[in-house]
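Order of the sequence lines fixes the chain letters, A, B, ..., with proteins taken first and strands second; residue numbering starts at 1 for each chain.
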Amino acid sequence: MTEDEVRRLLDARTATIDPPPAPLPEITRLGQSRRRHQRILRAAGAAALVAAVVLGGVGLRLVLEGASSAAPSSQQTSALGGQPPTADQLYGYWRAVTLFGHHVGQPSGPIQKSLIVEFFHARPGSITVDAAKGFTGLGWSGSDLCNTTSGIVLLGEDGTFRLGQADRTQIGCPALQGRLRFEAVRAVLHARWARISNGDLVLYSAKAGKIARFTRIGPAPVSKAKSGAESSHRSPPSTTLAPSAPPTK
Amino acid sequence: MTQDADFADYAGARWRSLVKSAVLLGCSPSEAEDLAQTVLVRCYASWRKVSQASNRDAYVYRMLVNCHRDTHRRMWRGEQPTASLDESSSPLASTSDPASEAELSDAVQRALDGLSPSLRQVVVLRFCADLSTAAVAEALGIPEGTVKSRTARALTELGRNPHLVDTNEGVDG
């Protein structure tokens with residue numbers, strides 16, 4: 001069948017169709033009504049977008065500054081003692097001396113292995129949340145006494161301190177260490193304030209309760225400091241799981 | 001020329017074609033008028049966008065096809081397909097009398113009903129709305145090559161359609 005034949009057939013089909021003239025007044029009236037609805041919907045959509053941006057911004061700010069709502073009063077922070085640390089002061093290896101009032105690394109204590117945390121320079125681009133307010137360019141790495149964990153460091157000028165999410169899997173970890181692991185991870189992840197006191201790093205909770213005291217065991221090797229930026233999730237040295245050693249303090 | 005006057009000219013010129021195209025897409029005449037009116041209402045509401053389209057007709061017929069599809073998606077037609085058709089429905093060779101015209105019209109409608117929706121849309125837009133291959137491609141959002149292949153397939157299917165076998169002479173003659 002040719003195109004012309006199809007045209008003729010379609011003409012034959014529609015030959016008897018003789019619609020009345022286009023109802024232009026009705027079409028115009030309905031079209032104007034539709035325009036009004038579209039305008040209202042656009043205005044409502046724009047308002048909703050603005051509200052979402054504003055509320056989202058507020059929400060994000062609250063999330064990023066989550067500690068602020070539970071932050072201690074100025075009276076409490078003044079009682080923290082010591083000085084807020086800078087990123088350079090944190091950089092390097094720190095060994096836990098006390099965790100929740102217990103000495104760490106003593107054969108008779110509840111936490112018999114030593115806990116060492118490393119703060120290293122992180123390349124911003126390698127961390128997905130590098131735009132987070134307060135990100136200092138520092139990453140942290142440490143052991144939960146079973147697995148190596150790591151994340152980012154949020155450090156405010158006033159000493160507000162937060163560590164980013166850490167992997168907390170317990171797969172393959174001895175059951176005996178479960179409680180110890182929990183305590184160790186809790187110590188670093190629940191910290192909201194940091195102070196340098198007598199050369200030690202002291203971490204406080206949001207309510208200004210002392211969580212842990214760390215003592216510096218030397219800066220990171222120079223080579224590691226330079227290459228540390230290449231990976232924010234590298235493993236800390238094997239000494240992080242070193243056998244228990246007597247605390248220095 | 002004001003926008004309203006421009007729209008009125010366009011709507012007046014395309015009204016019959018829109019209604020006929022809607023009929024060929026499968027609407028009853030009254031449904032076709034409603035569908036064409038709906039399309040023109042939408043055109044009026046967005047006339048600035050429609051009038052600035054590279055191919056205004058392609059834009060409008062795309063709205064027609066979409067409206068038709070939406071309408072038929074929503075409502076159950078209540079039509080019952082039949083496995084075989086009555087022999088008496090074959091079109092007559094002559095179109096000179098009203099009865100013959102009605103039968104030819106019915107035969108064309110049945111033949112169109114036998115096409116898949118995609119082939120039917122191409123046939124209607126190409127041969128009833130008289131859109132170019134490029135405009136049909138734009139209206140349906142498919143490549144031009146697909147329009148050509150669908151057109152060829154539709155012509156082949158229509159040529160083999162039992163309802164239209166005897167119509168060529170009748171239409172020509």
Side-chain angles (χ1 to χ4, degrees), chain A residues 1-64 125 128-132, chain B residues 4 7-8 10-24 29-30 32-33 36-47 91 95 98 100-102 104-109 111-112 123-124 126-130 151 154-161 164 167-168 170-172:
Chain A
M1 186 172 284
T2 65
E3 295 185 359
D4 286 341
E5 287 167 351
V6 173
R7 277 200 179 89
R8 279 194 290 272
L9 286 172
L10 296 186
D11 283 345
R13 170 67 186 93
T14 56
T16 56
I17 297 169
D18 187 20
L24 282 177
E26 180 71 1
I27 289 172
T28 306
R29 189 182 62 77
L30 291 172
Q32 286 169 346
S33 171
R34 189 178 172 89
R35 263 188 200 164
R36 273 196 301 276
H37 288 152
Q38 283 176 343
R39 254 185 249 127
I40 291 169
L41 283 175
R42 269 199 294 270
L49 184 64
V50 169
V53 168
V54 170
L55 292 177
V58 171
L60 182 63
R61 191 174 166 196
L62 288 177
V63 168
L64 292 176
T128 54
V129 288
D130 58 357
Chain B
D4 278 8
F7 170 78
Y10 182 83
R14 293 293 183 278
W15 169 252
R16 286 174 62 87
S17 174
L18 285 170
V19 173
K20 289 185 176 186
S21 297
V23 168
L24 292 176
S30 58
E33 286 177 30
Q37 180 171 320
T38 303
V39 169
L40 289 177
V41 166
R42 292 186 183 184
C43 280
Y44 181 86
S46 321
W47 185 243
T95 58
S100 301
E101 287 174 1
L104 175 61
S105 173
D106 183 59
V108 174
Q109 188 66 42
L112 288 174
V123 167
V124 172
R126 187 82 183 83
F127 302 120
C128 176
D130 275 330
T151 304
L155 292 180
T156 305
E157 286 192 22
L158 288 175
R160 290 177 186 162
N161 192 289
L164 298 178
T167 56
N168 287 343
V171 176
D172 292 337

Peer 1: Only counting residues at least two apart or in another chain, list the ones meeting side chain to side chain donor-acceptor pair (under 3.5 Å) with B:Thr151.
Peer 2: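 Counting only residues at least two positions away or on another chain, B:Thr151 forms no side chain to side chain donor-acceptor pair (under 3.5 Å).
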Peer 1: Heavy-atom pairs under 4.5 Å with chain B are the metric here; pick the option from A:Arg7, A:Glu26, A:Arg13 that has the most.
Peer 2: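 With the most close heavy-atom pairs to chain B, the winner is A:Arg13.
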Peer 1: Using a heavy-atom cutoff of under 4.5 Å, enumerate the residues of residues 35-44 of chain A that contact chain B, numbered in order, or state 'none'.
Peer 2: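 So far as heavy atoms go, A:Arg35, A:Gln38 are the residues that approach chain B to under 4.5 Å.
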Peer 1: For B:Ser105 and A:Ala12, work out which heavy atoms get closest and say how close.
Peer 2: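 Minimum heavy-atom contact is CB-O, 4.2 Å.
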Peer 1: Is chain B contacted by the side chain of A:Thr28, its backbone, both, or neither, given a heavy-atom distance below 4.5 Å?
Peer 2: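 Both parts, heavy atoms under 4.5 Å.
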Peer 1: Does any heavy atom of chain A fall under 4.5 Å from the side chain of B:Gln109, the backbone, both, or neither of them?
Peer 2: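 Both parts, backbone and side chain.
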Peer 1: Measuring heavy-atom distances to chain B, does A:Leu24 have an atom under 4.5 Å in its side chain, in its backbone, in both, or in neither?
Peer 2: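 Side chain only.
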Peer 1: Side chains of A:Leu30 and B:Leu40: does their closest heavy-atom pair fall under 4.5 Å?
Peer 2: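 They are not in side-chain contact.
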Peer 1: With sequence neighbours excluded, give me every side chain to side chain donor-acceptor pair (under 3.5 Å) pair touching residues 13-23 of chain B.
Peer 2: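 Non-adjacent pairs meeting side chain to side chain donor-acceptor pair (under 3.5 Å): A:Asp18-B:Arg16, B:Arg14-B:Asp57, B:Ser17-B:Tyr61.
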Peer 1: I'd like to check A:Pro23 versus B:Glu33 (side-chain heavy atoms, cut-off strictly below 4.5 Å). Are they in contact?
Peer 2: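 When only atoms from C-beta onward are counted, B:Glu33 and A:Pro23 do not touch, as no gap falls below 4.5 Å.
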Peer 1: Between A:Leu10 and B:Val108, is the side chain to side chain contact (heavy atoms under 4.5 Å, CB included) condition met? List the steps.
Peer 2: CA-CA 7 Å; A:Leu10 296 186; B:Val108 174; 4.2 Å; yes
Peer 1: Write down the atom of A:Ala22, the atom of B:Ala11, and the distance for their closest heavy-atom approach.
Peer 2: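 Residues A:Ala22 and B:Ala11, closest heavy atoms: CB-O, 4.4 Å.
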Peer 1: Is chain A contacted by the side chain of B:Leu24, its backbone, both, or neither, given a heavy-atom distance below 4.5 Å?
Peer 2: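 Side chain of B:Leu24 only, per the 4.5 Å heavy-atom cut-off to chain A.
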Peer 1: What residues form a ring-ring contact (aromatic ring centres under 6.0 Å, His included) with B:Phe127, not counting sequence neighbours?
Peer 2: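 Partners of B:Phe127 by the ring-ring contact (aromatic ring centres under 6.0 Å, His included) criterion come out as none, since no residue qualifies.
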Peer 1: Looking at side-chain heavy atoms only, is the closest gap between B:Leu104 and A:Leu9 below 4.5 Å?
Peer 2: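 Counting from C-beta outward, B:Leu104 and A:Leu9 do come under 4.5 Å.
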Peer 1: Flag the pair A:Val6 / B:Leu158 as yes when at least one side-chain heavy-atom distance between them is below 4.5 Å, and no otherwise.
Peer 2: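 Yes, their side chains come closer than 4.5 Å.
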Peer 1: Using side-chain heavy atoms (C-beta onward) and a distance below 4.5 Å, is B:Tyr44 in contact with A:Gln32?
Peer 2: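 Yes, their side chains come closer than 4.5 Å.
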Peer 1: Measuring heavy-atom distances to chain B, does A:Pro21 have an atom under 4.5 Å in its side chain, in its backbone, in both, or in neither?
Peer 2: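 Contact with chain B involves the backbone of A:Pro21 alone.
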Peer 1: Looking at every heavy atom in both A:Glu3 and B:Arg126, which two are closest together, and how far apart are they?
Peer 2: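 For A:Glu3 and B:Arg126, the tightest heavy-atom pair comes out as OE1-NH2, 4.3 Å.
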